[in-house]
Amino acid sequence: MPLLAYKEQRILSPQQLRKLSEHKYSCFSASLLDPLLQPWWNWLVAQTPLWLAPNLITIVGLILNIVTTLILICYSPNGVEPPPRWTCFLCALGLFVYQSLDSIDGKQARRTNTSSPLGELFDHGCDSISTIFVALSACISCQLGHYPNWLFFQCFCAIALFYCAHWQTYVSGTMRFGRIDVTEAQFSIIAIHLVSAILGPEIWLTKVGFGKIELWYGPAITTIVCGVISLTYVFSIVVAGGVGKNGSTVAGTSVLSPSIPLTLVVLPALMIAQKSPDNIFTEHASVFILAFGMVAAKITNKLVIAHMTKAEMEYLDWSLLGPALLFLNQYFNCIVPEIWLLWFTLAWGTQDLLRYCAQVCLEICQHLRIDLFRIPYSAKVSSTSSVGSQINFGVDKNGSTSHRKSKSKLH
């Protein structure tokens, strides 16, 4: 479907919209930090005006997170120059605010009786974008630009882990959060930013111990260990088979099919970064990560929609145009300056993602007859008591059947 035809052609079919209306969010969380943070989230949502729409809370947090990260990038676009300490503190604050607002949007939806499948989709969509900026900001704060291969690995590891979390959801029908998961990762990155803000970003290049190992190895190795544990858990679910017919996904497709779109993003990115005669990744690390991150966010959103509508996921996407041009340009000995195509990839991927998300939200709003960023005056306000909320919405300590993430629903 041509990208410019979004307004003329609908993205979601009538069958997908019907399946979306029937979708029930299923989740299991074993997070260590979520129970400890519940009092803070409960207090925060109690201070939130009842007229404030849940999706508006989410998007405000995302915008703040993006803006604070972009400020950091402006001072250290390649992660080599040490950014001012206040920019690291700003990133820590922006991430904390985003994490808090992202955790109360579901509670706000219950308070105002405005929970809907759109809320879940919007929440995951914002998370897919936030993941890119959070991972990149952590790498810059740790000065990983001095080690481009590690910077590449850390950022794409975060992108892949987020995608795989939704892959296993597409297979099993249930979103699962482990003991060390998204909340723990976010607070670990907040801690990294605070260390850089207090002691300076250069602290991560300090050599310690008998082997003179630099401090940044600590967060890097931790990421590897947690990533391996997470991926082992995800693939154990995928290999065990899905909830569909004959062990297929919720849409009745192969449990391995979601690996194709991810491969079409990560593999070209790796090849382009390694084969570039202009060292395009080393010289323009932030632009490279953001460009491919937008493409990854697009395919992740399509995976979430495929799960919620119980539909087959399309493998090819127009957002892959930028990476394809970069790859072909290298094949023909870079007849076009690579930096031009890289900026095109970022611009194209960003507008494609935004147009796609806007059109999907519009179609769902029209189908469900709701507003994206406004609570209708006719909305009934529910009881704020946790017991009443659990009875009305079926929430318990082991899982959730609402339309928001578990950490937003557990009381």
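- Between T131 and A158, the closest heavy-atom pair is CG2-O, 3.8 Å.
- Under 3.5 Å, the side chains of T309 and H23 contain no donor-acceptor pair of N or O atoms.
- Residues A311 and Q16 share a closest heavy-atom pair of CB-NE2, 3.4 Å.
- T249 and T253 share a side-chain donor-acceptor pair at under 3.5 Å.
- Nearest approach of A297 to I129, heavy atoms of both residues: CB-CG1, 4.4 Å.
- Closest of all the heavy-atom pairs between S257 and Y315 is CB-OH, 3.2 Å.
- To the nearest 0.5 Å, atoms CG (L270) and CZ (F156) are separated by 8.5 Å.
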Exercise. Going through the distances and angles, do D317 and Y356 end up as a side chain to side chain contact (heavy atoms under 4.5 Å, CB included)?
Worked result: CA-CA 11 Å; D317 187 83; Y356 177 81; 5.7 Å; no
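- Side-chain contact between I132 and L136: absent, with no pair of heavy atoms (C-beta onward) separated by less than 4.5 Å.
- Ring geometry for H124 against H166 counts as perpendicular: the plane angle is over 60°, on a 0 to 90° scale with 30° as the lower cut.
- Between L64 and Y98 the shortest side-chain heavy-atom distance does not fall below 4.5 Å.
- In this structure a side-chain-to-backbone donor-acceptor pair under 3.5 Å is present from R111 to V45.
- Neither side chain, T48 nor Q108, offers a donor N or O lying under 3.5 Å from an acceptor on the other.
- At most 12 non-hydrogen atoms from other residues, nucleotides or ligands lie less than 6.0 angstrom from CD of E314.
- Side-chain contact, W348 with S319: no donor N or O sits under 3.5 Å from an acceptor N or O.
- Looking only at atom types and distance, the side chain of H307 has no donor-acceptor partner in the side chain of T169 under 3.5 Å away.
- The shortest distance between side-chain heavy atoms of L372 and I364 does not fall below 4.5 Å.
- The closest side-chain donor-acceptor pair between W41 and S100, if any, does not fall under 3.5 angstrom.
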Exercise. For S31 and S29, what are the C-alpha separation, side-chain angles and deciding distance, and is it a side-chain hydrogen bond (donor to acceptor under 3.5 Å, both in side chains)?
Worked result: CA-CA 6 Å; S31 172; S29 176; 5.0 Å; no
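- With 3.5 Å as the limit, one finds no donor-acceptor pair spanning the side chains of Q15 and K310.
- Crowding of W150 atom CH2: a count of heavy atoms from other residues, nucleotides or ligands under 6.0 Å exceeding 12.
- Here Q99 contributes atom CD and I190 contributes atom CD1; the two are 6.5 Å apart, rounded to the nearest 0.5 Å.
- Within the 4.5 Å cutoff, side-chain heavy atoms of P54 are placed close to those of T114.
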Exercise. Does the pair W343 and H284 meet the rule for a side chain to side chain contact (heavy atoms under 4.5 Å, CB included), with working shown?
Worked result: CA-CA 10 Å; W343 277 106; H284 308 280; 5.5 Å; no
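- Put simply, the side chain of N78 never gets that close to the backbone of G145: no donor and acceptor are under 3.5 Å apart.
- Atoms CZ and CG, from R374 and N55 in turn, are 13.0 Å apart once rounded to the nearest 0.5 Å.
- Looking at E202 and T206, their side chains never bring a donor and an acceptor atom within 3.5 Å of each other.
- Closest of all the heavy-atom pairs between F288 and A269 is CZ-O, 3.4 Å.
- A donor-acceptor pair under 3.5 Å is formed between the side chain of S137 and the backbone N or O of V134.
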For this session: May I have the step-by-step check of side chain to side chain contact (heavy atoms under 4.5 Å, CB included) for R176 and D181, ending in yes or no?
Result: CA-CA 9 Å; R176 291 177 169 85; D181 216 288; over 6 Å; no
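- Inter-residue side-chain proximity for I59 and L56 is flagged as met; some heavy-atom pair is nearer than 4.5 Å.
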Problem set entry | Stepwise ring-ring contact (aromatic ring centres under 6.0 Å, His included) test for F152 and F281 | CA-CA 8 Å; F152 183 97; F281 177 72; 5.4 Å; yes
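- In this structure, L320 and V265 have side chains that are in contact, with non-hydrogen atoms separated by less than 4.5 Å.
- There is no side-chain donor-acceptor pair under 3.5 Å between T174 and S172.
- With a 4.5 Å cut-off on side-chain heavy atoms, T183 and L37 count as touching.
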Problem set entry | side chain to side chain contact (heavy atoms under 4.5 Å, CB included) between C361 and F122, worked out | CA-CA 8 Å; C361 288; F122 194 83; 4.1 Å; yes
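- Atom-to-atom distance recorded for R18:CZ and L12:CG is 13.5 Å, nearest 0.5 angstrom.
- The minimum heavy-atom distance between T69 and F133, with the atom names listed, is CG2-O, 3.4 Å.
- For E363 (side chain) and I11 (main-chain N/O), a donor-acceptor pair under 3.5 Å exists by modelled atom type.
- E214 and H146 form no side-chain donor-acceptor contact under 3.5 Å, judged by distance and modelled atom types alone.
- A donor-acceptor contact shorter than 3.5 Å links the side chain of S21 to the backbone of L17.
- For Y147 and W216, the gap between ring centers is short of 6.0 Å.
- Atom-to-atom distance recorded for Y170:OH and C164:SG is 15.0 Å, nearest 0.5 angstrom.
- In summary, the side chains of N301 and S128 do present a donor paired with an acceptor at a separation below 3.5 Å, with no hydrogens or angles considered.
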For this session: For E184 and S188, run side-chain hydrogen bond (donor to acceptor under 3.5 Å, both in side chains): C-alpha distance rounded to whole Å, both residues' side-chain angles, the deciding distance at 0.1 Å, then the answer.
Result: CA-CA 6 Å; E184 289 74 17; S188 297; over 6 Å; no
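- Atom CG of L353 sits about 6.5 Å away from atom CE of M294, to the nearest 0.5 Å.
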Side-chain donor-acceptor distances from residues 323-332 under 3.5 Å, at least two apart:
residue, atom, partner, partner atom, Å
N329, OD1, I335, N, 3.2
N329, OD1, V336, N, 3.0
N329, ND2, V336, O, 2.7
Q330, NE2, I272, O, 3.0
Q330, NE2, E338, OE2, 2.8

Side-chain donor-acceptor pairs under 3.5 Å in residues 79-93, sequence neighbours left out?
residue, atom, partner, partner atom, Å
R85, NH1, I198, O, 2.8
R85, NH2, L199, O, 3.4
T87, OG1, P84, O, 2.5

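- Here ring pair (Phe, Tyr, Trp, His ring centres under 6.0 Å) pairs that include residues 231-261, with residues two or more places apart or in two chains, are W167-F235.
- With D105 contributing its side chain and T58 its backbone, the two residues share no donor-acceptor pair below 3.5 Å.
- By the 4.5 Å heavy-atom criterion applied to side chains, L368 and P117 are counted as neighbours.
- Using a 3.5 Å distance cut-off with no hydrogens or angles, the side chains of D123 and Y25 do not pair a donor with an acceptor.
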